[in-house]
Every structure is written in structure tokens, then in C-alpha cells.
Amino acid sequence: MIAESYNPQVIEAEAQRHWDEQRAFAAREEPGREKYYCLSMFPYPSGRLHMGHVRNYTIGDVIARYQRMLGKNVLQPMGWDAFGLPAENAAMASGVAPAQWTFDNIAYMKRQLKSLGFAVDWAREVATCAPEYYRWNQWLFLRMLEQGVVYLKTGVVNWDPVDQTVLANEQVIDGRGWRTGALVEKREIPMYYMAITRYAEELLAELDHLPGWPEQVKLMQKNWIGKSHGVRIGFPYRLPSSAGSGAGSAGESGILWVFTTRADTLLGATYVAVAAEHPLALHAAKNNPALAIFIDECRHGGVTEAELATQEKKGMPTGLTVTHPLTNEPLPLWVANYVLMGYGEGAVMAVPAHDERDFAFAHKYNLPIKPVIRTSAGDETPAPWRDAYADYGACINSGPYDGLNFEQAVDAIAADLSDKALGEKKVTWRLRDWGISRQRYWGTPIPIIHCADCGAVPVPDAQLPVVLPPHLVPDGSGNPLNKHPEFLHCACPQCGKPARRETDTMDTFVDSSWYFFRYCAPDADMMVDGRANYWMPVDQYVGGIEHAILHLLYSRFWTKVMRDLGLTTVKEPFANLLTQGMVVAPTFYREGVDGRKQWINPADVAVQTDDKGRPVAATLRGDNQPVTIGAIEKMAKSKNNGVDPQTLIEQYGADTARLFMMFAAPPDQALEWSDSGVAGAYRFLRRLWAYAAEHQDAIRAAGEVNAAILSEPLRAARREVHEALRQALFDFSRHQFNTVVSGGMKILNALSRIEADVDAHAAAARREGLGILLRLLSPIAPHITHALWRELGYGEDVLNAAWPEPDTAALTRSLVTLVVQVNGKLRGQIEVPVDADRVAIERAAQAEPNVQRFVEGRPIRKIVVVPGKLVNVVC
RNA sequence: GCUGGUGUGGUGGAAUGGUAUACACACAGGACUUAAAAUCCUGCGGCCUUGACUGGCCUUGUGGGUUCGAGUCCCACCACCAGCACCA
């Protein structure tokens with residue numbers, strides 16, 4: 001018996017209990033049966049689920065349930081990306097140890113996830129902060145060290161001189177430390193690197209073999225990897241003899257190397273610039289106090305590329321010159337803050353006539369500008385800059401190279417440089433090796449021991465895992481592991497003498513670079529076992545677009561490393577990728593006396609609208625005083641515009657939350673939060689329930705539809721149902737779930753229009769239509785469809801039902817309506833038999849009065865007929 | 001700054017090169033009710049035309065182009081969003 005009113009709390013608890021009892025989502029390896037590994041990016045356990053999580057996991061769950069109904073053996077696991085900075089921040093704020101905070105959050109969020117009814121195999125849950133997990137980070141790190149894929153070199157970090165600590169980019173605000181307000185400095189420290197550049201060629205090439213990835217993500221990765229062909233060019237130099245050495249003695253000589261993709265402009269180089277940290281810059285600064293001060297200034301500020309690229313371009317001459325490799329002219333050597341030590345050679349040749357940045361720099365510092373390419377903008381380079389100056393073209397003012405085009409000039413110049421041993425063609429990559437050392441506590445300990453005699457010694461495998469002491473509480477000044485003797489002091493594995501453990505931990509991107517392997521064999525006594533060869537690769541990966549580059553690239557890299565170590569047979573981890581859009585919401589604020597904005601949560605605001613429903617004003621519910629309406633932005637703590645999904649689930653139930661999320665926008669677009677949209681989703685589910693309750697007896701008793709003897713209204717209703725079904729199945733296959741929901745609404749609308757009577761034909765049509773609707777909606781709203789499916793006697797578990805197929809007989813009609821255009825403009829409609837031939841259609845179209853009016857006796861040049869759709873009369 | 005994306009009614013959005021605005025939300029009017037809520041019904045891009053039926057013109061950020069036909073493909077521009085290597 002179906003209760004009169006829809007009570008989501010009761011039916012959702014009941015459905016979830018049923019699935020638990022049945023172990024409905026336990027995934028087992030069944031060789032020979034087609035598998036489907038559906039994976040959503042695991043959450044960081046920040047405290048509570050946010051709307052982005054609900055959206056992400058609903059999308060993944062809909063796909064998993066859709067594939068299950070296609071008959072696949074589906075694996076959908078879940079776990080926790082549990083190491084990271086927020087736990088340390090929480091510890092500083094409240095004194096709770098990161099481990100405690102993290103595990104409490106996991107417990108709460110797991111309950112929330114379960115209440116949403118996701119078809120997850122919880123037996124495979126992993127948390128990256130568990131020693132059983134991160135020991136394999138350490139183990140693979142050691143294998144990579146053996147292979148030379150991990151190595152040590154210096155890297156640049158943000159240094160807070162007051163707290164004496166390294167800051168994450170996020171902790172640097174306008175060039176200052178977030179807690180101390182001190183000006184941040186760049187500092188070089190030794191770090192471990194993973195040689196992702198060794199795989200650059202393969203990471204690039206394999207993108208062409210990932211048809212299931214969005215083009216935009218592949219393009220972003222391609223540009224990030226940044227393969228460029230160019231020429232490495234040497235500029236010989238001779239340093240002046242230093243002040244201390246005897247007069248007349250020659251100074252040290254050498255070659256300054258640069259890389260350029262525009263070797264054809266070499267004759268236009270008018271100066272050479274090096275990074276502030278470049279050895280030549282440091283050498284020149286020894287006898288040049290002003291230059292030393294400039295170089296010191298370049299140390300201020302953060303290390304992000306965005307900051308470096310947008311800062312004011314500044315430079316200073318070193319007083320040194322280098323020699324042009326072809327003309328032997330002396331060129332001034334400058335230090336410039338826009339040259340990055342970490343990219344290429346840390347030095348560039350500057351061609352102001354054909355490079356926008358060099359052009360601006362040359363103007364600012366009065367350096368010569370020499371055009372050497374005939375561009376579409378002409379032979380000169382007058383200010384202001386025009387993009388055309390950077391065009392390719394024939395060489396001019398370039399002596400023997402005049403008249404050559406780009407390729408010819410590059411070939412000729414590279415050959416001449418090669419003869420002098422001052423250059424060769426070279427491929428370079430924008431991609432840099434991955435620095436994984438973090439001077440932080442809450443992460444995977446790097447398994448290295450420092451011995452005074454033996455140096456940096458790898459921890460032997462038998463001593464893994466190096467366990468992180470779980471009860472430390474960071475205080476914001478440095479890494480607490482450095483103050484923890486039990487962790488710090490150990491014996492050297494080689495000589496046995498007292499030694500010191502490495503206290504740096506790994507970047508948390510390491511944790512997330514292979515967790516999808518661990519789900520396949522969460523209890524294995526090795527990193528992965530043969531079960532991974534059954535499940536991998538992931539068939540569908542779902543997550544935020546913000547991960548399009550780093551996480552996905554690192555995961556691809558780790559997979560290739562694991563393949564080369566014989567740990568897996570796959571070379572790419574994710575066959576298909578869906579990048580979901582953000583959840584956004586309006587913002588509200590008041591300005592405080594100090595001009596700072598106080599952000600007010602949308603839940604506490606009442607919005608007044610005009611007669612068209614547009615918001616015109618808003619007031620705070622507490623005091624009824626006005627608040628300012630801000631922009632619509634990504635739900636975030638900083639703007640206090642987050643809506644807590646828990647309230648939504650408690651008020652309306654999981655099915656409403658899921659239905660709203662799927663209906664409000666296609667998965668890959670931004671989703672705007674709307675209270676009334678949620679109410680609308682709830683209203684639809686209530687309508688569905690009420691319809692089932694009202695007709696339950698007739699539906700239970702109904703037989704099969706007899707298509708041959710249906711009345712015209714029933715035939716029409718049935719056609720609508722099957723048309724919506726056909727479209728919805730297509731939309732499922734392309735993951736456009738918002739129109740799947742529309743299709744479901746159309747079906748319920750069509751069924752509701754069937755006249756209420758006791759006709760057995762009507763009952764049969766209702767039974768068929770509702771059966772289709774319940775299956776269509778079951779991946780999206782699994783609880784209500786589960787309950788109704790059973791109650792109406794369709795079967796045991798809708799989750800195991802097969803997809804219905806549209807009945808082609810229901811779709812066919814005897815007459816079709818064709819749109820008639822004249823010269824592409826809509827002028828009328830004609831109704832023709834479905835099997836009308838082209839001549840008959842053309843005749844009917846020309847006979848239409850409005851068509852005749854617009855043709856007006858002009859000769860008809862052509863008639864385009866699109867079968868079943870339209871006729872276009874061209875005259 | 002560089003890289004990638006997005007732009008359609010009052011709002012979220014639909015349209016597989018072929019009737020732009022499906023399906024919802026909001027709003028307005030009506031039914032039911034003592035009343036409210038809930039529910040149900042009707043209307044709903046703009047301008048013009050007609051007594052009405054009808055019909056016309058305009059409209060998918062802006063300006064061009066390709067095509068019998070463009071929201072969709074191409075070029076340029078504008079606005080907004082995301083990422084930029086230590087947030088995850």
C-alpha cells in the first residue's frame with residue numbers, strides 16, 4: 001500500500017537499509033564480465049560536505065547506477081584525501097591535533113554521504129593519512145629514487161622571516177605572510193623532485209589517445225606541458241679582471257646560454273637579460289652595490305607565476321657585456337625581474353623589435369630596437385606595440401640571412417652557430433619537475449635518514465612505514481617534527497651511528513596520484529595486486545575542472561612510473577573524464593566602519609523583488625535592516641555564501657537534493673543555487689508519489705498495452721512517453737542529466753493528461769508509462785523509485801532493472817507536420833502523409849497560401865527538403 | 001600577464017547546422033478554502049497590426065563571414081569565470 005503523502009525520511013531510510021542488508025553495492029571481480037569503474041574525486045575531510053561534494057558525488061552515482069542498469073559489473077568506491085594544510089590550521093586555531101580533527105571530520109562526512117544514498121562499496125574505503133596507505137607513497141618514492149626518477153636539488157619557497165617558516169602560496173596575501181603580515185622573501189632550499197619531465201613526451205603524445213576526455217582539458221594539459229622547438233644559443237663573455245688581481249690579467253671567460261623559439265630574429269638582439277639569481281648577476285653585484293640592492297629587491301614577493309607575470313617589469317644593467325655569436329658585437333647584459341631562473345637557462349636574448357615584453361623593456365630603459373623581420377605591419381617597429389610585429393616573415397637587416405623565411409632562417413642560423421660550437425636546435429618543455437618536499441607536519445614522511453658519515457640514506461623497505469607521530473600540534477612556526485626527539489633521532493641504516501630523520505613530508509598531490517589503484521585492492525600487502533588489472537583503468541572519472549591540470553597530470557605520471565616498475569598493465573589511469581562545474585550562489589554584505597565587507601549568509605537574508613521577480617533589495621532577517629546584494633560567486637567560506645547541504649537533506653530528503661542538483665544545470669556548467677528550484681524539485685517528487693498513490697490499484701491490476709486498439713488520446717500519450725524515453729536514453733549516454741529530468745517531467749505530464757476512468761487500456765498505458773518513468777529516474781532519485789517500483793509490483797529492485805526500450809510502433813505516425821520556409825524564413829506549415837514523396841511535398845509546400853504570398857511569382861531556384869522536418873523554398 | 005572556458009526570456013536552462021525560448025522557477029489572474037498553506041487551471045521574449053482570427057518585424061554579448069538555412073561553424077572585439085606548479 002502506498003501511503004497518501006510522500007515521506008522522504010521514511011522511504012529513504014528504508015531503501016538504504018535494504019541496500020545495506022543486500023550488500024547491494026559490494027563489488028566483486030568477475031573475470032569475463034564487463035566491468036565499469038566509476039570514480040569521483042575523493043573529498044578532503046574539511047568538516048562538513050559542501051554543495052560541490054553533493055554535486056560531484058551525485059553525478060558519479062547517477063553514472064554508476066546508469067551503467068549498472070546497462071548490465072555492467074560496477075565499482076564505485078569512496079575515500080579521503082586526508083593529509084593537508086587545513087588540519088594544521090585547525091590545530092593552530094583550536095589546539096586539536098590534526099589526526100583527531102581529520103578523523104572526526106571523516107566520521108561526520110561519512111554519515112552525510114551515506115544519507116545521500118550513494119551506491120558506494122564502503123568496504124574499499126581508504127584514508128591517505130593511514131600508515132597502511134602512505135607506506136606505499138614511501139615505498140614507491142624509494143623505487144623512484146633507485147631509478148633516478150626522484151632526485152635532490154634546490155627550489156624556491158616563500159619564507160616568512162618573522163615566523164621563520166615556509167608559507168604556501170595561499171598563505172601569502174599581497175606579498176605578506178597571512179599571520180605575521182611580514183614581507184615574504186624568496187628562499188632557496190634543498191628539495192626532492194620527481195622527474196615528470198622524463199615522461200613529458202609520452203604525457204603529451206598519449207593525450208591524442210584519450211577520446212573520452214574533454215578537448216579543453218587535453219588542450220590545457222598540452223599547453224602546460226608546452227613542447228617548443230627552438231635553438232639554444234651561446235653568447236661568449238669575458239669577465240673583467242677582478243679588483244684584487246694584478247693589472248692586465250685577463251678575467252674569467254665563459255658562454256652564457258639562452259633558449260629561443262625565434263632564432264630567426266637573432267640579428268635583432270640588442271641586449272641579453274638574466275634572472276636575479278643567475279650566477280653572472282651575482283658576480284656583477286659583487287662590485288656594484290646598486291645592483292646588489294636591486295637583486296635583493298627582486299627577492300621580495302611571492303613565487304607564483306601569476307604574480308611574476310603581472311608585476312612591473314624592472315631591470316638594471318650589470319655593466320658586463322656579452323658577444324653576439326654571429327656579429328661579434330658587444331651586447332649589454334641586464335638583470336631583469338621578468339626572467340625566471342627556474343625556466344630554461346635563466347637567461348634570454350632580447351629582441352625588442354619582435355617581442356612585446358622586450359619592446360616595453362627597451363622603451364623603458366632606452367635600449368636600441370632593431371627590426372629584422374618584414375612583418376605584415378611593415379619594416380619598422382614604431383610605438384605603440386602592435387601584435388603584428390611578432391609575426392613571422394622574411395628576414396631583413398640580417399646580412400646573409402636576408403630574404404629567408406622563418407624555417408630557412410632558423411636552419412641557416414642554427415647551422416652557422418653549430419659550426420662555431422655556439423648553438424644547436426633543441427626541444428624544450430614548459431613542464432618542470434615536480435618538487436614534492438613540504439616543510440610541514442601533516443603529510444607522508446619522506447623516508448630518508450641523514451647520517452653525518454653516509455649522507456642521505458634511504459630507509460630500508462623492512463623499516464617501512466616511517467610512521468608520522470599522530471598527536472603533535474603545529475603552532476605556526478616551523479615543523480613540529482623538528483621538535484620531536486622520538487621521531488627525529490634514529491640510527492643510520494648503513495653504519496648504525498646516531499642519525500637524524502628527514503622531517504619534510506610529501507606534497508599531498510602524491511597521495512591523490514594513485515588512490516584509484518588502492519581501491520582495487522585496499523587490503524593488499526603490497527601497493528597493488530592483480531585485482532587492479534581487472535578494474536583499471538577507471539572508466540569514468542568525475543571531478544572539478546580546477547583539477548584539470550595538476551592532479552590529473554600527476555596521476556598520469558604516477559601511472560606511467562608504476563607501469564615501468566611492472567606494477568600495472570595500464571598506461572593511462574582515466575579512460576573518460578567529466579569535469580563538473582562549480583556551485584555558485586549570490587553574496588550579501590554590509591560594509592563595516594573600517595570599510596571591510598562583512599559577508600552575510602544567504603540563509604539569513606530576505607530578498608525583495610520587483611513585479612518581474614528581479615531582486616531589488618535585501619534585508620537581514622535578524623534586524624530587518626538593508627544589506628547590499630553582491631555578485632553571484634562560487635560558494636566559499638570567504639564570501640559566506642555557502643548553503644549547508646545538511647539542512648537541505650533534513651528538510652527535503654536526499655532525492656530532492658539529488659534531483660535539484662541534476663536538473664538545475666548540465667554537469668559541466670556552473671550551477672546556481674536556488675531555494676525555489678529546490679522546492680520545485682520537491683514538488684515534482686510529491687506529484688509523482690501522489691500519482692502512484694492515486695492509481696496504485698489500477699496499475700497493480702493492469703495488463704500489457706494493446707497498441708492496436710488504443711484510443712487517439714491514449715495513442716498520443718503513449719507517443720509522448722516513448723519520445724521522451726528515446727531522448728532521455730540519449731541524454732543519459734551523453735551525461736546530460738538535466739534534460740533526462742525534463743524528460744521524466746514530460747512523461748508525468750503526459751500520464752497526468754490521461755482522462756481519469758476505469759478503462760483497462762488507460763490502466764495499461766499508465767502502468768507502462770510509470771514503469772518507464774521509474775526506471776529513468778532511478779539513478780537520479782533512487783529512493784522514491786525503489787519504493788514505488790516494489791509497491792506497484794514491477795519487481796524487487798529497480799536498481800537491477802534493465803533499461804526500457806522505446807517502442808518504435810508507438811513513435812510512428814501517419815501524418816507529419818513540416819515547417820515551410822521561404823528563403824530560410826518561417827512562412828507556414830503543411831501536413832503530409834509520413835510516406836509522401838519529394839514531389840508531393842514540394843507541391844504541398846508551394847500550395848501553402850502564405851508561401852505563395854512571399855514567393856510572389858518569382859522563379860523558384862531550389863527547394864530544400866529535410867525529411868520529417870522542413871521545406872525551404874529558395875527564390 | 002599567459003592558458004582554457006562561458007555569454008540564449010524576469011531566472012535556471014533546452015535546441016544532435018533545420019520551427020529559438022522545451023522542461024522548470026518566478027510573476028500575474030482564476031478555482032478550491034471562513035482564511036492561509038498546499039493543490040489544480042490559465043497566461044507569460046519585445047515591438048507593431050487586427051474588432052477578433054490572423055499576420056508582420058526584431059531578438060541567442062557586439063561586429064563581420066560561410067551556408068538554401070547559424071544560438072550552433074569561421075574571424076575580430078567586449079564582458080565574466082577557472083587554472084597558473086606549496087589550497088585541495
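Atoms considered below: every heavy atom in the structure, side chains included; atoms not considered: hydrogens, waters and symmetry mates. Just so it is clear: chains get the letters A, B, ... in the order the sequence lines come, proteins before strands, and each one is counted from 1. Note that the coordinates shown come from a computational prediction; the quantities given were computed from them, not determined experimentally.
- Rounded to whole Å, the distance from CG on A:N872 to P on B:rU67 is 15 Å.
- For B:rU16, the base is stacked against the aromatic ring of A:F730, per a cut-off of 5.5 Å between centres and 30° between planes.
- Across all strands shown, B:rA85 has no partner, as no Watson-Crick or G-U wobble contact with both distances under 3.5 Å is found.
- Applying the 4.0 Å criterion to OP1 and OP2 of B:rU16, one finds that A:R734 has every side-chain N and O outside that range.
- Look at CZ on A:F684: it is 11 Å from P on B:rC25, rounded to the nearest Å.
- B:rC40 is paired with B:rG30 under the criterion used here, namely a Watson-Crick or G-U wobble arrangement in which both key atom distances are under 3.5 Å.
- Interface remark: the A:Q439 side chain does form a donor-acceptor pair with the B:rC86 base, using a distance-only criterion of under 3.5 Å.
- A:M661 contributes atom CE, which lies 7.0 Å from atom CG of A:L648 (distance to the nearest 0.5 angstrom).
- Nucleotide B:rA20 forms no Watson-Crick or G-U wobble pair with any nucleotide shown, as no partner meets the under 3.5 Å limit on both distances.
- Between A:Q736 and B:rA15 there is a side-chain polar atom (N or O) within less than 4.0 angstrom of OP1 or OP2.
- Distances shown here put a side-chain N or O of A:R827 below 4.0 Å from the OP1 or OP2 atom of B:rG56.
- The phosphate of B:rG56 has OP1 or OP2 within less than 4.0 Å of a side-chain N or O from A:N850.
- Nucleotide B:rU67 is matched to nothing when pairs are restricted to Watson-Crick or G-U wobble geometry with both distances under 3.5 angstrom.
- Contact annotation: A:N223 side-chain N/O to B:rG4 OP1/OP2 distance is under 4.0 Å.
- Using a 4.0 Å heavy-atom cutoff across all strands shown, A:Q171 reaches no nucleic acid atom at all.
- Residue contacts shown for A:V157 include a base, since a base heavy atom lies under 4.0 Å away.
- Remark: P of B:rG55 and CD of A:Q829 are 10 Å apart, rounded to the nearest angstrom.
- Contact annotation: the side chain of A:T102 never approaches that of A:F83 to less than 4.5 Å [non-hydrogen atoms, C-beta and beyond].
- Close to B:rA14, at under 4.0 Å from its OP1 or OP2, lies a side-chain N or O of A:N738.
- Dashed line: the shortest gap from a side-chain N or O of A:K825 to OP1 or OP2 of B:rG18 is not under 4.0 Å.
- In terms of phosphate contacts, A:R438 brings a side-chain nitrogen or oxygen within less than 4.0 Å of OP1 or OP2 of B:rC86.
- The interatomic distance linking A:R556 (CZ) with B:rA85 (P) rounds to 20 Å, in whole Å.
- Summary of the strand contacts: A:H547 and A:K746 both lie near RNA chain B, and taking for each the nucleotide with the nearest heavy atom, the more 5' one is attributed to A:K746.
- Base orientation for B:rG9: syn, the chi torsion being within 90° of 0.
- Ranking B:rG4, B:rG83, B:rG18 by closeness to the A:V866 side chain, first place goes to B:rG18.
- Residue A:F854 is in sugar-phosphate contact alone, with no base atom involved, counting any heavy-atom pair closer than 4.0 Å across all strands shown.
- Following rounding to the nearest Å, A:E672 (CD) and B:rG12 (P) show an atom-to-atom distance of 6 Å.
- Just one of A:Y652, A:F684, A:W689 meets the ring pair (Phe, Tyr, Trp, His ring centres under 6.0 Å) condition when paired with A:Y6; it is A:W689.
- For B:rG10, the paired base is B:rC25 (Watson-Crick or G-U wobble, both distances below 3.5 Å).
- The nearest whole Å value for the distance from the CE atom in A:M745 to the C1' atom in B:rG12 is 12 Å.
- Here the rule is ring pair (Phe, Tyr, Trp, His ring centres under 6.0 Å) with A:W514, and of A:Y133, A:F42, A:Y554 only A:Y133 fits it.
- Rounding to whole angstrom units, CG of residue A:L552 and C1' of B:rG4 are separated by 14 Å.
- The pair A:R687-A:E694 does not meet the salt-bridge criterion, since no charged nitrogen lies less than 4.0 angstrom from a carboxylate oxygen.
- Contact between the side-chain N/O atoms of A:R683 and the OP1/OP2 oxygens of B:rC25 is found at a separation under 4.0 Å.
- Here the separation of B:rC32 from B:rU16, taken at their P atoms, is 44 Å to the nearest Å.
- OP1 or OP2 of B:rA88 has at least one side-chain nitrogen or oxygen of A:T508 nearer than 4.0 Å.
- Interatomic distance, CD1 of A:I436 versus CG of A:D504, reported as 9.0 Å (0.5 Å rounding).
- Closest approach of A:Y691 and A:L751 over heavy atoms only: OH-O, 3.3 Å.
- Distance, A:E170 CD to B:rC87 C1': 4 Å, rounded to whole Å.
- Within 4.0 Å of A:M582, counting heavy atoms only, lie sugar-phosphate atoms of the nucleic acid but no base atom.
- Residues A:Q216 and A:R440 each lie close to RNA chain B; by heavy-atom proximity, the contact nearer the 5' end of the strand is made by A:Q216.
- Ring pair A:H735/A:F737 is tilted by interplanar angle, where 30° to 60° counts as tilted.
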